[in-house]
Protein chains: 2
Amino acid sequence: MHETSTTPRLDALKVACSACNLRELCLPVGLSDEELTSLDNMIGTRRAVRRGESLFHAGETFAALYAVRTGFFKTIVSASDGREQVTGFQMAGELLGLDGISTDRHSCDAIALEDSQVCMIPYGQLETLSREFTLLQHQFHKIMSREIVRDHGVMLLLGSMRAEERLAAFLLNLTQRLQARGFSPSALVLRMTREEIGSYLGLKLETVSRTFSKFQDDGLLEVKQRDIRILDQAALQQVVNAANC
Amino acid sequence: MHETSTTPRLDALKVACSACNLRELCLPVGLSDEELTSLDNMIGTRRAVRRGESLFHAGETFAALYAVRTGFFKTIVSASDGREQVTGFQMAGELLGLDGISTDRHSCDAIALEDSQVCMIPYGQLETLSREFTLLQHQFHKIMSREIVRDHGVMLLLGSMRAEERLAAFLLNLTQRLQARGFSPSALVLRMTREEIGSYLGLKLETVSRTFSKFQDDGLLEVKQRDIRILDQAALQQVVNAANC
DNA sequence: CGCTCGATTGAACAGTATCAACTTATGTGG
DNA sequence: CCACATAAGTTGATACTGTTCAATCGAGCG
């Protein structure tokens, strides 16, 4: 809790896309040097968000997108009666805030699940710049489209998979994204609680816990709280594919 | 099956956005006359799709978006094991194909639920034109963002609502969209089967049927096959809101 | 007119939720 | 640094919602 005294203040620091090791996963994919320089000028400040704090809340005015630089987020939508649904987990290189474009207000909350840093992308400037640079425009559209495709995959999961299939698919998706970022495909540390996993997967936390235990009993995983080791990835994939049998 | 001989061939017909009664619901929202003219030049042909036919299939090369001009569509994603999930129903003024931008291939099937017409929007030309016209660019981004927000709402529905709440929310959403198109808010004709509704809502067709019957018994609806009359909209809204009680 | 597809309804069953007890971490203040 | 308080996770027993299987009915179409 005394991190402010031990870590540098990043809030006001500029960070260059051109020097960022995430540039091949993030908005700048495929840009030329000239375009990268323009992006560098646009992307204003880096912002630190501590664990448990929000990057934005539903209802707040939308002004910028955020690229996760380090850390881990969840997004949640809330119903009028207070029910909450986790709609996604975002890691380094992924964009937050796309929901805000439609009404100029955010429609979900973005909460950091660990101490994180994001790059702020002022939306008006992104529109301006993407009128100038075809590749940036196209990459931005791809990112929005990818989010739509991802959401449709979650609908498939929520609408037609059983608990074990959901959790297996979730774990495989996580490891795949972590692997793309250079992490081990077989060992991961969950940044979210059982309840948050359950919310995302449309299950209760007890069901998530039981399913973890079952996977462990079956020799697919080694589960120590939030430390997960995947012992049999092929079998996990089988769980997802094994449908109407 | 012999409609080609009784209806005019529309495939080659141009249709002007500027003269379209859907222009306030569709891509041209808020455009100037000059922009409208450019849109008119871009939007190539109208295409007729008969009931049961597909506009595009998952895996096909993506080249254009489609605006529904008349009729009704469903989109479905398929898992490797053959399971299908309806991800949306699209009516006049709504855009189809946004999923294709992310990988240059469609990731879902779009199937007409009744004889329909769509306007083809070549995607490359849309990108070009939206670099020229700020309002068009912004409107397009809004439409993509709106799809993301809608998807998150469906996740909330699938992840945390019970059968009655899901069906009530579905009916209210349908009537709201129909009302925006000038139709009655209390009478509607479903264009989809119970099975398709069930797929969209993550329920089996029997559950959908039973829930319709229950709503009818409770005096909320009058159900005659696919003809639905909403007798008590407020009560239907209550069903959605009544959560953890 | 008969066939097929879609819709309804009933009865038994399965999967997940709920409630509750207990254990294990995490974090706070003395 | 320890003790306590709180949060997170596990596990069991039971309840309930929705599924599955099956029979029947009705509407639309050739």
Side-chain angles (χ1 to χ4, degrees), chain A residues 1-3 50-52 74 83 85-86 111 113-115 157-168 170 189-218 221-228 239 242-245, chain B residues 1-3 50-52 74 83 85-86 111 113-115 157-168 170 189-218 221-228 239 242-245:
Chain A
M1 278 302 160
H2 298 283
E3 276 193 45
R50 295 239 189 65
R51 189 159 88 95
K74 67 171 176 181
R83 267 181 298 200
Q85 172 76 21
V86 171
I111 315 277
L113 295 181
E114 59 182 6
D115 292 353
L157 181 148
L158 290 171
S160 66
M161 291 188 175
R162 299 214 323 281
E164 290 180 28
E165 302 173 292
R166 294 184 197 189
L167 187 61
F170 171 70
V189 179
L190 300 174
R191 309 268 93 124
M192 67 295 279
T193 66
R194 301 290 190 259
E195 186 168 22
E196 286 161 340
I197 296 172
S199 174
Y200 182 61
L201 299 178
L203 301 169
K204 292 298 164 184
L205 67 95
E206 294 94 330
T207 304
V208 174
S209 182
R210 272 184 247 274
T211 308
F212 269 125
S213 298
K214 177 166 191 313
F215 283 166
Q216 183 163 237
D217 292 348
D218 293 350
L221 300 179
E222 186 181 311
V223 182
K224 283 185 189 156
Q225 304 287 125
R226 296 190 183 185
D227 289 326
I228 309 289
V239 172
N244 3 8
C245 307
Chain B
M1 278 301 158
H2 297 283
E3 276 192 48
R50 295 239 190 65
R51 189 160 89 95
K74 67 170 175 180
R83 267 181 297 200
Q85 171 76 23
V86 172
I111 315 278
L113 295 181
E114 59 182 7
D115 292 352
L157 181 147
L158 291 171
S160 65
M161 289 187 176
R162 300 215 324 280
E164 290 180 27
E165 301 173 294
R166 294 184 197 189
L167 187 61
F170 170 70
V189 179
L190 300 175
R191 303 273 117 113
M192 66 296 276
T193 67
R194 301 290 190 259
E195 186 169 21
E196 288 161 338
I197 297 172
S199 173
Y200 183 60
L201 299 178
L203 301 169
K204 293 297 165 186
L205 68 94
E206 294 94 331
T207 305
V208 174
S209 181
R210 272 183 247 276
T211 309
F212 268 125
S213 298
K214 178 167 190 312
F215 283 167
Q216 183 163 237
D217 292 348
D218 294 350
L221 299 178
E222 188 181 311
V223 182
K224 283 184 190 158
Q225 304 286 122
R226 297 191 182 185
D227 289 326
I228 308 289
V239 173
N244 4 8
C245 307

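Only this structure's heavy atoms are used, side chains among them; waters, hydrogens and symmetry mates stay out. Quick note on labels: first sequence line is chain A, next is B, and so on, each numbered from 1.
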- Nucleic acid contacts - residues 192-202 of chain A versus DNA chain C, non-hydrogen atoms under 4.0 Å: A:G202
- Message: Judged by each residue's nearest nucleotide on DNA chain C, which is more toward the 5′ side, A:E206 or A:E164?
- Response: A:E164
- Note on the structure: Separation of D:dG18 atom P from B:L157 atom CG, nearest Å, is 12 Å
Extract from the structure each pairing of a protein N or O with an N or O of nucleotides 21-27 of chain C at less than 3.5 Å, listing the distance.
residue : atom : partner : partner atom : Å
C:dG27  : OP1  : A:R51   : NH2          : 3.1

- Query: Is a side-chain donor or acceptor of B:T211 paired with a backbone partner of B:T207 at a separation under 3.5 angstrom?
  - Reply: yes
- Item | Minimum side-chain heavy-atom gap B:Q85-B:L158 below 4.5 Å | yes
- Message: Which residues pass the side chain to side chain donor-acceptor pair (under 3.5 Å) test with B:D227, not counting sequence neighbours?
- Response: none
- Message: Measure CG/A:L190 against P/D:dA7 and give the value in whole Å, please.
- Response: 21 Å
- side chain to side chain contact (heavy atoms under 4.5 Å, CB included) partners for B:R191, two or more places apart: B:F72, B:L113, B:E114, B:V189
- Item | side chain to side chain contact (heavy atoms under 4.5 Å, CB included) partners for A:V223, two or more places apart | A:R194, A:F212, A:Q216, A:L221, A:I228
- Using heavy atoms to find the nearest nucleotide of DNA chain C for B:L205 and A:V208 separately, return the residue whose nucleotide is more 5′. B:L205
- Just how far, in rounded Å, is C1' of D:dA8 from CZ of A:R191? 16 Å
- Sequence neighbours excluded, which residues qualify as salt bridge (charged side-chain N to carboxylate O under 4.0 Å, His left out) partners of A:E195? none
- Query: Through what angle, rounded to 10 degrees, does the axis of the helix from C:dC1-D:dG30 to C:dG30-D:dC1 turn between its ends, using five pairs per end?
  - Reply: 40°
- Message: Within the 4.5 Å heavy-atom criterion, are B:R166 and B:Y200 side-chain neighbours or not?
- Response: no
- To the nearest angstrom, the NZ-P distance between B:K214 and C:dT8 comes to 16 Å
- Taking atom P of C:dT16 as reference, at what distance in whole Å does atom CG of A:L167 sit? 12 Å
- Message: Checking A:E196 now: which residues fulfil salt bridge (charged side-chain N to carboxylate O under 4.0 Å, His left out) with it, not counting sequence neighbours?
- Response: A:K74
- note: A:L203, atom CG; C:dG15, atom C1'; distance rounded to Å ~ 11 Å
- Is there a donor and acceptor pair, one atom on the side chain of A:R210 and one on the base of C:dT18, closer than 3.5 Å? yes
- Can you measure from CG (B:L157) to CZ (A:R83) and round to the nearest 0.5 angstrom? 9.0 Å
- Closer than 4.0 Å, any side-chain N/O of A:S213 to the OP1 or OP2 of D:dT11? yes
- Message: Expressed as a whole number of angstroms, how long is the span from B:L158:CG to D:dG18:P?
- Response: 13 Å
- Message: So, using side chain to side chain donor-acceptor pair (under 3.5 Å) as the criterion, who are the partners of B:K204 when residues are at least two apart?
- Response: none
- Output the single nucleotide from C:dT16, C:dA7, C:dT9 whose closest atom is nearest the side chain of B:R226. C:dA7
- Has B:S209 got a side-chain N or O lying under 4.0 Å from the OP1 or OP2 atom of C:dT8? yes
- Determine whether A:L167 and A:V239 make a side-chain contact, defined as any pair of heavy atoms from C-beta on separated by less than 4.5 Å. no
